[in-house]
Asks: 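Encoded as structure tokens, here's the structure I'll be asking about.
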Amino acid sequence: MRSRILAFAALLLATPTLAEVPLDPGQTATVRLSPQRDLVYPVAPPFTQPPANHGAILGVDIDEPGRYHVSLGAKGWIELIRDGKPVPSVGHGHGAAGSGVAKIVDFDLAVGHYTIALSGMAEGEAAITVSR
């Protein structure tokens with residue numbers, strides 16, 4: 001019995017968890033990217049290959065409904081997830097040359113908690129902003 005408990009404890013320690021990094025709307029944060037294989041995404045990310053196989057999982061709480069823009073300072077995929085389902089985007093674009101913004105995706109959001117899943121990125125760090 002003790003060996004089964006130890007084996008189960010080792011499995012829990014070795015299994016990646018969905019650990020969201022909190023993000024405040026209106027603030028820019030720089031997030032360290034992890035290999036996608038080390039992350040547990042609530043919805044599987046699009047297929048990517050090295051070196052574009054890094055990402056991050058973030059959480060954001062929305063207090064006012066409306067259209068929000070998720071800006072990313074590096075190329076990659078941005079998915080918003082609520083209650084285990086992807087939130088459809090309503091637009092996308094790119095920042096102006098020299099702005100440091102590689103991608104902008106727009107979402108119409110209700111009040112509540114959302115998971116932001118970043119994927120398909122090169123290793124390192126990336127800036128992200130959620131704004132109105």
Asks: Nearest 0.5 Å, please: how far is CG in L23 from CG in L58?
Replies: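 If I round to the nearest 0.5 Å, the distance is 6.0 Å.
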Asks: Check the hydrophobic clustering (I, L, V, M, F, W, Y; side-chain heavy atoms under 4.5 Å; chains of links allowed) and say if V43 and L118 are grouped together.
Replies: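 Cluster IDs for V43 and L118 differ.
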Asks: Could you pull out the closest heavy-atom pair between P25 and I62, with the gap in Å?
Replies: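 Nearest pair, atom of P25 first, then I62: CG-CD1, 4.3 Å.
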Asks: For the CD atom on E125, are there more than 12 heavy atoms of other groups (residues, nucleotides or ligands in this structure) within a distance under 6.0 Å?
Replies: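 For E125, atom CD is crowded (more than 12 foreign heavy atoms under 6.0 Å).
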Asks: Could you tell me the separation between the CG atom of D108 and the CZ atom of R67, rounded to the nearest 0.5 Å?
Replies: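 The CG atom of D108 sits 4.0 Å away from the CZ atom of R67.
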Asks: Among residues at least two apart in sequence or on other chains, which ones pass side-chain hydrogen bond (donor to acceptor under 3.5 Å, both in side chains) with T28?
Replies: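 Listed in chain order: T129.
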Asks: Using residues 76-84 as the side-chain source, report each donor-acceptor pair under 3.5 Å to any protein atom, sequence neighbours left out, with the distance given to one decimal.
Replies:
residue : atom : partner : partner atom : Å
R82     : NH1  : V111    : O            : 3.3
R82     : NH1  : Y114    : OH           : 3.2
R82     : NH2  : V111    : O            : 3.1

Asks: Going by side-chain heavy atoms closer than 4.5 Å, which hydrophobic residues are tied to V101, directly or by a chain of links?
Replies: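 Its cluster partners, ordered by chain and number, are I104.
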Asks: With sequence neighbours left out, what residues match D61 under side-chain hydrogen bond (donor to acceptor under 3.5 Å, both in side chains)?
Replies: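 Checked D61 against side-chain hydrogen bond (donor to acceptor under 3.5 Å, both in side chains); matches are H113.
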Asks: Of all residues at least two apart in sequence or in a different chain, which pass the side-chain hydrogen bond (donor to acceptor under 3.5 Å, both in side chains) check with R132?
Replies: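 Testing R132 for side-chain hydrogen bond (donor to acceptor under 3.5 Å, both in side chains), a comparison that skips the adjacent residues, returns E64.
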Asks: In Å and rounded to the nearest 0.5 Å, what is the OG to NE2 distance from S34 to H54?
Replies: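 Taking OG in S34 and NE2 in H54, the distance rounds to 7.5 Å.
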Asks: Under 3.5 Å, is there a donor-acceptor pair between the side chain of E123 and the main chain of P35?
Replies: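 Pair absent, no side-chain N/O of E123 close to backbone of P35.
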Asks: Rounded to the nearest 0.5 Å, how far does CG of L109 lie from CG of D63?
Replies: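 That separation rounds to 12.0 Å.
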Asks: Measure across Y41 and G55 and return the closest heavy-atom pair with its distance rounded to 0.1 Å.
Replies: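 In terms of heavy atoms, the two residues are closest at OH-CA, 3.7 Å.
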Asks: For the residue pair Q36 and G120, what are the closest heavy atoms and their distance?
Replies: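 Residues Q36 and G120, closest heavy atoms: OE1-N, 2.6 Å.
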Asks: Name each donor-acceptor pair under 3.5 Å that joins a side chain in residues 85-94 to protein atoms two or more places apart or in another chain, with its distance.
Replies:
residue : atom : partner : partner atom : Å
H94     : ND1  : A102    : O            : 2.8

Asks: Between I57 and V40, what is the shortest heavy-atom contact and its length?
Replies: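 Distance-wise, the nearest heavy atoms are CD1-O, 3.1 Å.
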